[in-house]
Number of protein chains: 2
Amino acid sequence: MEATIKDVARQAGVSTATVSRVINNTGGVRSDTVKRVMDAVKYVNYVPNIMARNLKTESSTIIGFVISNISNTHFTKMANKIESILREQGLNLIVCNTADDPNLELDHLQRMIAMHADGIILNTTCKNNDWICELSHKIPMVLVDRNITDPVFLGDFVGSNGYGGVMDLTKHLIEKGHRDIAIITSDLSTSTGRERLNGFSAAMRTIGIVVDDYYIYRYDSQHFSEEDGVAGCQYLMGLEKRPTAIVVINNEMTIGVYKYLHNNDISVPDDISVVSYGNINNSDLFRVEPTFATLNPNFIGEKAANLLLSRIEAPGRGNREIIFEPLLVVNESTKTL
Amino acid sequence: MEATIKDVARQAGVSTATVSRVINNTGGVRSDTVKRVMDAVKYVNYVPNIMARNLKTESSTIIGFVISNISNTHFTKMANKIESILREQGLNLIVCNTADDPNLELDHLQRMIAMHADGIILNTTCKNNDWICELSHKIPMVLVDRNITDPVFLGDFVGSNGYGGVMDLTKHLIEKGHRDIAIITSDLSTSTGRERLNGFSAAMRTIGIVVDDYYIYRYDSQHFSEEDGVAGCQYLMGLEKRPTAIVVINNEMTIGVYKYLHNNDISVPDDISVVSYGNINNSDLFRVEPTFATLNPNFIGEKAANLLLSRIEAPGRGNREIIFEPLLVVNESTKTL
DNA sequence: TTGTACGCGTTATCAT
DNA sequence: ATGATAACGCGTACAA
């Protein structure tokens, strides 16, 4: 079916070795034979078989970007940035979506290693930590957003200060006079989930409120999705005594919260204040612009790509961490009590 | 470095053939040897080399999804849907972003063919038509959104009726009394760009207006991006006599239009009416909900995935086309003159 | 039930 | 400057 290097060789009347030299331009071939080979390549429509090539060379030019939610613009913007940087180095980015399913994460990572990818940028589910720690010794790896704090892990991390960011958001509400402040958080087995909740708790402690498992205004959802935001908001709005403000710990869930409130004619910020950890795409066009803590996917993507490149150069180097400091952007979604 | 099938064989004290039989469970192996092999696999941490495997089997389980804009939720939602369908068949979706660059499109497609992908779902740049037509005879291919109307092309197409959709949008404006109607369109070498402009022209003809190259209210941008929407809007708002309404032919450009108008304190719909071809993510939260023609990425994704699956079964079958009929959703962005 | 041996398409080594 | 050939890791006849 597909033309192989042999077909080209036969067509050009040379050996496969020469063809190989030409298509990889290793040099040492007379210019007229180069031309003969090139013509033959065109003629038989030859495309080198990557499988076979990698089998020999023990390398691909593939970088895997494995993410938990391909519909979240936070990640797609990151993907854009990463791709543009890697492409300059002749590397090809491949995006894989785990949908936060640990099994899919394993699948994708297995495939990456099986393809002999040159590196991986991973937004992990945090459910395969041991396995990933082992993997990190075999392939250059950079984690984004969610960290793995295991001494065995070898690689870099780029994320944001979720503790400080959520603390700032919460303090902002406190300064506006709020006390009955709710939080919609998610999967606490992720580093981000824990950190952000801790930031909230720390801020609440300053006004003498303990946020524990029994804190009435706390909702721990399973995922970080819009649907989970809806569910969390529904729960909170169903309470006998409603909170006056909600802290939502990621952008997608905030959208869910906004939609629930809008669909149920609950006004922001008149009836309830809302703050979000992380930018929401196009939120400057929203009826009520959310107050949020900035998260910069371009920044994170750029750092991650560069860390990975330097790690590919020196795979054994020590772990590095880059933490983005979110800024508080105050908009219309919070009112003074 | 990496453990190979030989290491497993040595460790388990069997031949490589037996190991192969076990990991592919082809059967015909005593259960205790199966166990011995499995243990050895764990022990040496063996992952089969996909390159080598595919080199033998002449197949991968890879499906390429090559798109023009990974930041457009239209495509990421499609990706989610496609992935969930393909996964049931044990196929792995890989997403590649061309950013509407014909060279990147070639790169990605070359790599897909070189990886012996089992199929491709493509949102083409429409700049490599001849090459893609040839390619379509070598690998099962389904086009989404943008079509290639070349008799040589072998494959399926899933898209939407851009002609009718934009015509409906325009007629809606006409019925509201608008006459000075502008259009922001894009790259007319794409099938979608042409079609949608034609729909607009047809509607305008019903009120005796000719939309040609010199039609003052027409802006042809290069890409379909938000930035191009901004530029188009800026041009139109700079005209001596402004239009009273704008038809924008995709969702991203509409966002650009919205942002330009918002940033320049031009009110929608009081100062100008706007309609969009295609849904805008979260537009139900917008200050002014846009009137738009629906585009259903889930629908398109589902159809595309299923067409591809059936084409993989029978690669030579005749071309098929599925056209989604957009619905007009009237919201607040259009006012009666 | 298990093992031996060949070939997939490529690159790299060693001759020539 | 070019060619013959061994390897890469795997699956699979065929043999045992």
Side-chain angles (χ1 to χ4, degrees), chain A residues 1-41 44-62 110-118 138, chain B residues 1-41 44-62 110-118 138:
Chain A
M1 239 10 83
E2 281 310 313
T4 77
I5 199 171
K6 280 184 189 166
D7 300 318
V8 179
R10 193 177 316 118
Q11 178 68 28
V14 298
S15 75
T16 62
T18 300
V19 176
S20 177
R21 281 188 269 262
V22 171
I23 59 177
N24 297 306
N25 52 66
T26 334
V29 185
R30 273 215 320 271
S31 64
D32 57 323
T33 43
V34 168
K35 183 168 169 12
R36 265 215 327 286
V37 170
M38 294 300 248
D39 288 346
V41 166
V44 302
N45 220 318
Y46 170 66
V47 178
N49 183 326
I50 279 195
M51 306 294 177
R53 171 177 292 171
N54 293 348
L55 185 57
K56 263 312 268 190
T57 61
E58 302 268 286
S59 110
S60 61
T61 56
I62 294 172
Q110 291 259 16
R111 199 151 36 79
M112 283 301 149
I113 188 80
M115 290 171 95
H116 284 212
D118 290 342
K138 297 191 191 168
Chain B
M1 237 16 79
E2 283 308 314
T4 76
I5 200 170
K6 279 186 190 165
D7 301 317
V8 178
R10 195 178 314 117
Q11 177 66 27
V14 298
S15 75
T16 60
T18 300
V19 176
S20 177
R21 282 189 268 260
V22 171
I23 60 177
N24 297 306
N25 53 62
T26 333
V29 185
R30 271 216 322 270
S31 62
D32 57 324
T33 43
V34 169
K35 183 167 171 13
R36 269 218 321 287
V37 171
M38 293 299 247
D39 289 346
V41 166
V44 303
N45 219 321
Y46 170 67
V47 179
N49 182 325
I50 279 195
M51 305 295 177
R53 172 176 289 172
N54 293 348
L55 187 54
K56 266 310 272 192
T57 61
E58 299 270 285
S59 111
S60 61
T61 55
I62 293 172
Q110 291 260 15
R111 199 151 36 80
M112 282 301 148
I113 188 82
M115 292 170 96
H116 284 214
D118 290 343
K138 297 191 192 169

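To find a chain, count down the sequence lines: A is the first, B the second, and so on, and within it residues start at 1. Only heavy atoms go into these numbers, but all of them, side chains included; no hydrogens, no water, no symmetry mates.
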* Structure fact -> Nucleotide by nucleotide, nucleotides 9-16 of chain C touches protein heavy atoms under 4.0 Å in the pattern (B base, S sugar-phosphate only, - none) BBBB----

* What do the steps show when you test Asn45(B) against Lys138(A) for side-chain contact (heavy atoms from CB on, under 4.5 Å), and what is the final call? -> CA-CA 11 Å; Asn45(B) 219 321; Lys138(A) 297 191 191 168; 3.7 Å; yes

Where [X] and [Y] come nearest, the two heavy atoms and their spacing:
X: Thr16(A); Y: Ala9(A); answer: N-CB, 3.8 Å
X: Ala12(A); Y: Val37(A); answer: CB-CA, 4.0 Å
X: Val44(A); Y: Ala3(A); answer: O-CB, 3.4 Å

* Asked: Rounded to the nearest Å, what distance is computed from the CG atom of residue Asn54(A) to the P atom of nucleotide dC8(C)?
  ->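 From Asn54(A) CG to dC8(C) P: 19 Å.
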
Do [X] and [Y] have side chains that approach each other closer than 4.5 Å (heavy atoms only, starting at C-beta)?
X: Arg53(A); Y: Ile23(A); value: yes
X: Val29(B); Y: Thr18(B); value: yes
X: Arg21(A); Y: Thr33(A); value: no

* Please assess Thr4(B) against Asn49(B) for the test side-chain contact (heavy atoms from CB on, under 4.5 Å), listing each intermediate value before the final yes or no. => CA-CA 8 Å; Thr4(B) 76; Asn49(B) 182 325; over 6 Å; no

* To do: Apply the test salt bridge (charged side-chain N to carboxylate O under 4.0 Å, His left out) to residues Asp7(A) and Arg10(A): give CA-CA distance (whole Å), side-chain angles for both, the deciding distance (0.1 Å), then the verdict.
  => CA-CA 5 Å; Asp7(A) 300 318; Arg10(A) 193 177 316 118; 3.4 Å; yes

* Asked: Bend across the helix from dT1(C)-dA16(D) to dT16(C)-dA1(D), to 10°, with axes taken over 5 pairs at each end?
  ->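 Comparing the first five pairs with the last five, the axes sit 40° apart.
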
* To do: Please answer whether the main-chain N or O of Arg36(B) pairs with a side-chain N or O of Asp39(B) as donor and acceptor at a distance below 3.5 Å.
  =>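 Not confirmed, Asp39(B) side chain does not pair with Arg36(B) backbone.
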
* Just to confirm, is there a sub-4.0 Å distance from OP1 or OP2 of dG3(C) to any side-chain nitrogen or oxygen of Thr18(B)? ->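 Yes, Thr18(B) has a side-chain N/O under 4.0 Å of OP1/OP2 on dG3(C).
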
* **Outermost DNA chain D nucleotides near chain A [under 4.0 Å, heavy atoms]** =>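 Terminal contacting nucleotides, 5' to 3': dA1(D) to dG9(D).
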
